Amino acid sequence: MTQVRTRFAPSPTGFLHIGSIHTALFAWLYARQQKGVFILRIEDTDNVRKVEGAVEAIMDDLRWLGLDCDEGPGLGGQHGPYIQSERLPLYKVAAQKLVDCGAAYKCYCSQERLEQLREFQTNNKLPPGYDRRCRNLTDAERAEKEKEGITPVIRFKTPLDGQTTIHDLIWGDVTFKHNTLEDLVLMKSDGFPTYHLANVVDDHDMQITHVIRAEEWMSSGPCHILLYNALGYEVPQFAHLPMMLGKDRAKLGKRHGSTSIGQFREEGYLPETMINFLALMGWSLDDKTEIFSLQDLIKYFTIERVSKTSAVFNHEKLEWLNGVYIRKLTPEEFAKKAMPFLERWLPESVKKPINPVYTGRVLALVQDRARTLKETAALTEYFFVDVYEYNSTDLISKGMDVEKTRQALTIAGERLAKQTPFDAASLEPMLRALAEELGLKAGQLFGSLRTAITGRTATPPLFQMMDVLGKERTLYRIQDAVKRLES
RNA sequence: GCCCCCAUCGUCUAGAGGCCUAGGACAGCAGCCUUUCAAGCUGUCAACAUGGAUUCGAAUUCCAUUGGGGGCGCCA
């Protein structure tokens with residue numbers, strides 16, 4: 001059996017889209033599982049949309065996710081170069097071959113004419129498409145056009161009759177009648193190939209066995225098969241993946257908020273989360289399992305279990321899943337990953353760099369509570385800032401009033417001042433006893449203290465926070481709260 | 001408009017003729033735990049788009065309708 005070779009072929013037109021990663025993941029998984037080869041190819045045949053630095057960004061994102069490439073730009077491989085703009089001669093030869101054997105033809109129609117044609121078709125509710133005016137030009141007519149100095153494009157001469165069936169690993173057999181297909185442009189007038197030509201030539205040249213791509217390519221599938229045949233190439237296997245949709249069920253795009261993988265990374269989502277989540281969009285193992293590592297996925301992934309239905313991106317579930325992966329981290333790993341986010345998102349007044357030992361202790365208190373790494377900044381802010389705003393009525397617990405609260409906090413402050421050692425284990429019995437002594441429920445006293453030392457009503461456990469904060473700062477904050485109640 | 005495809009809880013999905021009184025997860029709700037918030041646990045709400053046909057029997061097969069998506073560029 002021949003070795004499986006799959007590829008991921010993004011265009012360097014900006015940041016890597018989450019939908020592209022979805023495709024990349026499935027192609028990668030199939031290659032890895034089949035002990036095959038995964039190739040990265042850059043499809044930069046659109047000079048207009050090309051973005052500087054995009055190739056590096058793509059490779060960086062893939063690396064971050066753990067999707068390693070066997071062949072690709074800068075990685076070597078027997079079938080390079082892996083950047084299409086460096087492969088132009090190949091496409092020219094292929095296109096010329098097709099023209100020579102009569103499978104393609106030169107088209108001299110101007111873009112203006114095509115636009116007018118399309119406008120007319122739209123206005124008259126006709127199917128848009130090229131009217132094949134140049135398909136049967138005589139040699140004399142062609143010579144005439146050449147003399148005018150028009151640079152032609154090369155179009156594929158799609159058969160007028162018959163049909164082509166694409167055997168898709170996911171969709172089964174899908175048949176298209178040739179008379180619904182167009183005469184695709186293969187070569188643009190700027191000398192660059194279109195996606196269709198470059199893709200077919202490269203997939204053949206790089207010996208791709210399985211073309212795994214998104215469903216949006218389904219309808220150009222028959223054209224590609226026709227092209228493979230015309231060029232005398234063997235047709236690879238196809239697997240068209242279900243798409244990812246936004247909340248409005250439309251193709252996931254800019255209007256749906258964060259859609260580039262980099263944005264999720266910056267928000268503090270872990271690569272494990274993204275991989276696991278994306279794998280579950282259009283694929284499942286069974287009716288129960290939902291946590292999968294990359295290794296698990298390699299083990300269990302099968303194309304047979306990929307669904308045909310496109311999936312709506314569910315941000316809430318992604319957040320939940322990220323929480324699951326954050327909790328799986330060891331405290332050390334978590335601290336290491338969260339630290340940069342704190343450095344970046346903690347208020348400017350906080351002196352940087354922050355102390356790693358202290359920060360580690362702080363982070364240990366919020367690991368169970370954070371759903372993203374970025375969120376740790378908001379969750380721990382009061383550990384780094386001494387002055388903060390809060391509503392002094394939050395100091396007053398249920399069933400208490402200003403005076404009672406002031407007294408309780410004052411006494412608590414006095415007792416805490418005398419307390420040694422000042423650790424969570426010793427603090428708890430002491431304060432519980434104090435609550436009883438004051439005739440308060442534990443929750444009443446603790447609630448006031450919580451607000452006093454954090455300014456918040458929802459925080460990690462009180463005694464652990466006091467422990468981390470230390471005696472001096474704890475006392476200062478309680479005294480400050482008492483002052484607030486006095487004014 | 002034309003072509004192709006899809007259709008199970010709000011969302012991701014399990015389900016390949018009897019195991020389905022349709023399972024799991026997120027979200028929601030209720031409760032337990034608990035110093036608050038999380039986490040955890042328990043429970044609850046919630047779906048086979050509609051109409052025909054085949055069959056002893058249909059979420060599962062077939063047809064139609066409806067709804068949704070994708071494509072129809074010298075973009076990929």
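Chain identifiers are assigned alphabetically (A, B, ...) following the order of the sequence lines, protein sequences preceding nucleic acid strands; residue numbering begins at 1 within each chain. Note that the structure is predicted; figures quoted are calculated from it, not measured.
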**Study point:** Residue W320(A), side-chain atoms from C-beta onward, closest of A27(B), U35(B), A38(B)
**Key:** A27(B)
Review point. Is the F292(A) ring parallel, tilted or perpendicular to the W283(A) ring (thresholds 30°, 60°)?
Key: perpendicular
**Study point:** Whole-Å gap separating C1' (U8(B)) and NZ (K308(A))
**Key:** 16 Å
Exercise for review: Ignoring backbone atoms, establish whether R327(A) has a side-chain N or O less than 4.0 Å from OP1 or OP2 of G40(B).
Suggested key: yes
Review point. Counting side-chain heavy atoms from C-beta on, which of A76(B), G68(B), C26(B) comes nearest to E316(A)?
Key: C26(B)
Practice item. Check step by step if side chain to side chain contact (heavy atoms under 4.5 Å, CB included) holds for T6(A) and I208(A). Key: CA-CA 6 Å; T6(A) 70; I208(A) 301 302; 5.6 Å; no
Exercise for review: Would you indicate which nucleotide in U13(B), U35(B), A76(B) comes nearest to any side-chain atom of F463(A)?
Suggested key: U35(B)
Review point. Choosing from A39(B), C74(B), G24(B), which nucleotide comes nearest the side chain of K288(A)?
Key: G24(B)
Check your understanding: Does the separation of the ring centres of F192(A) and Y91(A) fall below 6.0 angstrom?
Key -> no
Revision key, fill the gap. The residue, S284(A) or W217(A), whose nearest nucleotide of RNA chain B is more 5′ is S284(A)
Study note, to complete from the structure: Considering only heavy side-chain atoms of K317(A), the closest of G24(B), U36(B), G73(B) is G24(B)
Check your understanding: Has K251(A) got a side-chain N or O lying under 4.0 Å from the OP1 or OP2 atom of G71(B)?
Key -> yes
**Study point:** Identity of whatever pairs with C72(B) - Watson-Crick or G-U, under 3.5 angstrom
**Key:** G1(B)
Review point. Are any of K188(A)'s side-chain N or O atoms less than 4.0 Å away from OP1 or OP2 of A76(B)?
Key: yes
Check your understanding: Between N124(A) (CG) and G1(B) (P), how many Å, whole number?
Key -> 14 Å
Exercise for review: Answer yes or no: does a side-chain N or O of R432(A) lie under 4.0 Å from OP1 or OP2 of U34(B)?
Suggested key: no
Check your understanding: Do any side-chain nitrogens or oxygens of R155(A) fall under 4.0 Å of OP1 or OP2 in C74(B)?
Key -> yes
Review point. To the nearest Å, how far apart are R305(A) CZ and U13(B) P?
Key: 12 Å
Review point. To the nearest Å, how far apart are L245(A) CG and C5(B) C1'?
Key: 13 Å
Check your understanding: Across the strands shown, which category fits A311(A) at heavy-atom distances under 4.0 angstrom: base, sugar-phosphate, nothing?
Key -> sugar-phosphate
Revision key, fill the gap. Per atom distances to the V174(A) side chain, the nearest of A76(B), C4(B), U35(B) is C4(B)
Check your understanding: According to the interplanar angle, ranging from 0 to 90°, do the rings of W217(A) and H196(A) count as parallel (below 30°), tilted (30 to 60°) or perpendicular (above 60°)?
Key -> perpendicular
Check your understanding: Between S11(A) and C75(B), does any side-chain N or O lie under 4.0 Å from OP1 or OP2?
Key -> no
Exercise for review: Among A14(B), U35(B), G69(B), find the nucleotide with the atom closest to the side chain of P461(A).
Suggested key: U35(B)
Practice item. Look at the side chain of T309(A) and decide which nucleotide, out of C12(B), C74(B), A7(B), has an atom nearest to it. Key: A7(B)
Revision key, fill the gap. To the nearest angstrom, the CG-P distance between L379(A) and C37(B) comes to 14 Å
Revision key, fill the gap. Side-chain atoms of D287(A) come closest, of G40(B), C74(B), A14(B), to A14(B)
Check your understanding: With respect to the phosphate group of C26(B), does any side-chain polar atom (N or O) of R371(A) fall under 4.0 Å of OP1 or OP2?
Key -> no
Exercise for review: State whether the number of non-hydrogen atoms from other residues, nucleotides or ligands found under 6.0 Å of E52(A) atom CD is greater than 12.
Suggested key: no
Check your understanding: What is the distance from CZ of R456(A) to C1' of U36(B), rounded to the nearest Å?
Key -> 13 Å
Study note, to complete from the structure: Among G1(B), C74(B), A38(B), the one nearest any side-chain atom of P128(A) is G1(B)
Study note, to complete from the structure: Walking RNA chain B from its 5' end, the first of D173(A) and D286(A) to be reached, judged by nearest nucleotide, is D173(A)
Review point. In the structure shown, which nucleotide is the Watson-Crick or G-U wobble counterpart of A7(B), with both distances under 3.5 Å?
Key: U66(B)
**Study point:** Contact check, side chains of K50(A) and V55(A), non-hydrogen atoms, under 4.5 Å
**Key:** no
Check your understanding: When the distance from NE2 of H224(A) to P of A76(B) is rounded to whole Å, what number comes out?
Key -> 11 Å
Point to revise | Salt bridge present between D480(A) and R484(A) (N-O < 4.0 angstrom) | key: yes
